[in-house]
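Before any comments, here is the structure.
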Amino acid sequence: MKLKLLDCKEIVVENKSGKEIAASISESLSKECIAYKLNGKLYDLYSIVSEDGDFELITKKSPEAKNILNHSCAHLLADAIKSLYPDALFAIGPAIEDGFYYDIDFNGKILREEDLAKIENKMKEISKKNTYIIKKVISKDEALRQFANNPYKVEIISELDDQEISTYTQGDFSDLCIGPHVPSTGYIKFFKLESIAGAYWRGDSKNKQLTRIYGFASFTKEELEHHIAVKEEAKKRDHRKLGKELGLFMLSEYGPGFPFYLPNGLMLRRQIENWWYQIHDMNGYKIIKTPVILSKELWLTSGHWDHYKDNMYTTKIDDREFAIKPMNCPGSILVYNSELHSYRDLPLRLAELGLVHRHEASGALNGLFRVRCFTQDDAHIFCRRDQLQDEIVKLLKLYDEMYSVFGLDYSIVLSTRPEEGYIGDIEIWNESEKILADACKATGKDFKINPGDGAFYGPKLDFKLKDCMGRIWQCGTIQLDMNLPTRFDCTYIDQNGNKVRPIMLHRAILGSFERFLGIIIEHFGGAFPTWLAPVQIKILPVNNEQHLEKCKLLQQDLLKAGFRVEIDSSEEKLGYRLRTAQIKKIPYTLVIGDKECEFNTVTYRKFGTNEQINVPLEEFKTLLNKEIEDKKFLVDTKKI
RNA sequence: GCCUUCUUAGCUUAGCUGGUAGAGCAACUCAUUCGUAAUGAGUAGGUCGUAAGUUCGAAUCUUAUAGAAGGCACCA
């Protein structure tokens, strides 16, 4: 066999495994290897190289290595469970982005978190034995026979082609698997079983619910410890915890999914709203507000009554049926249709901070990330066909501008036409999808494609942000709508005096204030930039008797200058009051004593630093104004 | 909605196999007036999410119910 190595050297081998090739290069390299890649496909280290091509050894440091290890660890888990719970039936156990899981049917036996330690110990035992993990290619019939008592595997096997079926065996344990795996169980040394959850077989809620065990494996002890530490750290910046500690919002059992804004949280939200209105004024949007309750007929016309009724709250007024809006679009369309439009008026951008209510499943609720009432930063753009491309490019730039103010990373997903149940012509779909893709390319934005995941009424771009646990939440969206303009007979008058149907775009940038606030609370770990901080300045008199009066004057002065200022005049030592201000993550703490009173200066300490800086009052105001104007970050968000 | 777990003072939490609850922080009082991450002493505060049951006796066991957490499904 002729193999081309990564460094472009060519070698010729005869009947050699990856391990032997690695050993022929160097002994230490062969110890580091766990698999190899040939022409882009991964193979077990001990399998014989069977064709010419590009050859690459996968070491513990290769990007592919983590996945292989975690997948092998899933097998190790199954092996341990097989010996502890012989009746358990294994469904699927893949590696995932951050670890692995295995879905198991325990046949009515309930597994508890405390059982995980026992399983982990068994896994360690098997790991110590360092048994080989051996692949065997078998026929479909053979596989069906071997796994006959496991309906899950049988279902999987019956969907596979004859050539692609193989098993992996370690000791007494065999599992259906395509591989590859690490060569032996001894490679899996550092791992942790993390949690137990329910999960439906094949992800379908009609199917039986299996027990899912999540875990994480790594090649080094350090990496495993780091992984655990990161999770611990993430818990500290959970927005639900910070929301309570910083007095931002609350949830009550009297209104599950209906958040209450506390003074600090509403102050934070107001800052973002003000900024949002400014940006939209500057970008040619017309801002409106539409009613929260609208009649059933409207929702019948829009189609929401048929498609979305189960998620809508309804009410009666004078015996007439009404619904609380789950979306702002119909209201916005009524505004559009309330007057005649010329082609010269387009694009018409109607924006609204719209309060919507949706009945979300109780199990879906999650802090501010998933709620039953929220305010979308919505806009509906009515434009001509020839304006669409330009409009979307404009939008992408606006999204980027707004996210970058917070230093947020985001990813874009393009969802395309569903297989069935869609409306509109295929050509229009194709063209719209191309326009969305081209707009991303034109602005230099990477995007993934999610085929068939578009709404029935049009393709869309979704903007996804991550929370502190690495979970991904959709925030922004740009959706083309080929449905509503028709249903509501929206038109404009073109150059020739004809009525023409406009193109309608739905868009939300932050998505909802609730979810977005949740994201930035975690992103900043509660240490908000000065422009957002609910309280920007805390004034501490050194001595209440001598300095409190001066502090009150100073507070008045700063309040008049537009800053958000509080005084801590409690009878506590300065150190204690300073600590309190730091815990509340207040950007600036001013200490006012004799020196400051005499010379009209302030001594400030910025959050996250322990420097004391003394400046004239006016200079402090200038500095702060500049920081607010620039929307500067208080501290490096990664470090919190 | 489904699976598992959890629910003790404002907050964080102890309470093993059932014998009517312990603490830290916060609050309040008093003393201390002390210039950059916790001054000291004391007071008050809970019947253990809610409802029913088992028991001589339940925070602790059973059932129902509400809410929450981690997932799954859902997010048109």
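Proteins come first, then strands; the chains are lettered A, B, ... in the order of their sequence lines, and each starts at number 1. Predicted model, so just to flag it, every value in this text is computed and none were measured.
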Original post:
For nucleotides 34-51 of chain B, read 5' to 3', which letter fits each nucleotide if B means a protein heavy atom sits under 4.0 Å from the base, S means only the sugar-phosphate is that close, and - means neither?
Top reply: BBBBBB------------
**OP:** Check every strand shown and say whether G303(A) touches a base, only sugar-phosphate, or nothing at a heavy-atom separation below 4.0 Å.
**Re:** nothing
**OP:** Would you tell me if any nitrogen or oxygen in the side chain of R372(A) comes within less than 4.0 Å of OP1 or OP2 on rC75(B)?
**Re:** no
Original post:
What nucleotide, of rU12(B), rG67(B), rC74(B), holds the atom closest to the side chain of P256(A)?
Top reply: rG67(B)
Original post:
Across the strands shown, which category fits G367(A) at heavy-atom distances under 4.0 angstrom: base, sugar-phosphate, nothing?
Top reply: sugar-phosphate
Original post:
Any side-chain N or O of S362(A) under 4.0 Å from OP1/OP2 of rG1(B)?
Top reply: yes
Original post:
With a non-hydrogen cut-off below 4.0 angstrom, is L210(A) in contact with a base, only sugar-phosphate, or nothing?
Top reply: nothing
**OP:** Could you tell me whether Y588(A) and F620(A) have their ring centroids closer than 6.0 angstrom?
**Re:** yes
Original post:
What residues form a salt bridge (charged side-chain N to carboxylate O under 4.0 Å, His left out) with D103(A), not counting sequence neighbours?
Top reply: R212(A)
**OP:** Kindly write out the residues that satisfy salt bridge (charged side-chain N to carboxylate O under 4.0 Å, His left out) with K235(A), not counting sequence neighbours, or none if the list is empty.
**Re:** E232(A)
Original post:
Within the structure shown, what part of the strands sits under 4.0 Å from R471(A) by heavy-atom distance: base, sugar-phosphate, or nothing?
Top reply: sugar-phosphate
**OP:** Round to a whole Å and report the spacing from CZ of F258(A) to P of rA68(B).
**Re:** 11 Å
Original post:
Is K325(A) paired with E352(A) through a side-chain N to carboxylate O contact shorter than 4.0 Å?
Top reply: yes
**OP:** Remember a base hit wins even if backbone is also touched, and classify A197(A) as base, sugar-phosphate or nothing at under 4.0 Å, heavy atoms.
**Re:** base
**OP:** Give me the residues of residues 473-484 of chain A where at least one heavy atom lies under 4.0 Å from an atom of RNA chain B, by number, or none.
**Re:** none
**OP:** For the side chain of Y214(A), starting at C-beta, report the closest nucleotide among rG71(B), rA68(B), rA73(B).
**Re:** rG71(B)
Original post:
Can we say E627(A) and K606(A) salt-bridge, meaning some charged N sits less than 4.0 Å from an Asp/Glu carboxylate O?
Top reply: yes
Original post:
Is a salt bridge present between K208(A) and E155(A), judged by a nitrogen-to-oxygen distance below 4.0 Å?
Top reply: no
Original post:
RNA chain B in dot-bracket, Watson-Crick or G-U pairs under 3.5 Å, [ ] crossing, | other strand?
Top reply: (((((((..((((.....[..)))).(((((.......))))).....(((((..]....))))))))))))....
**OP:** Applying side chain to side chain contact (heavy atoms under 4.5 Å, CB included) between I539(A) and each of V591(A), V602(A), I592(A), report the one that passes.
**Re:** I592(A)
**OP:** Decide, yes or no, whether a salt bridge links K550(A) with E596(A) under the criterion of side-chain N to carboxylate O below 4.0 Å.
**Re:** no
Subject >> salt bridge (charged side-chain N to carboxylate O under 4.0 Å, His left out) partners for D568(A), two or more places apart >> reply: none
Subject >> Salt-bridge criterion met for D238(A) and R240(A) (N-O under 4.0 Å) >> reply: yes
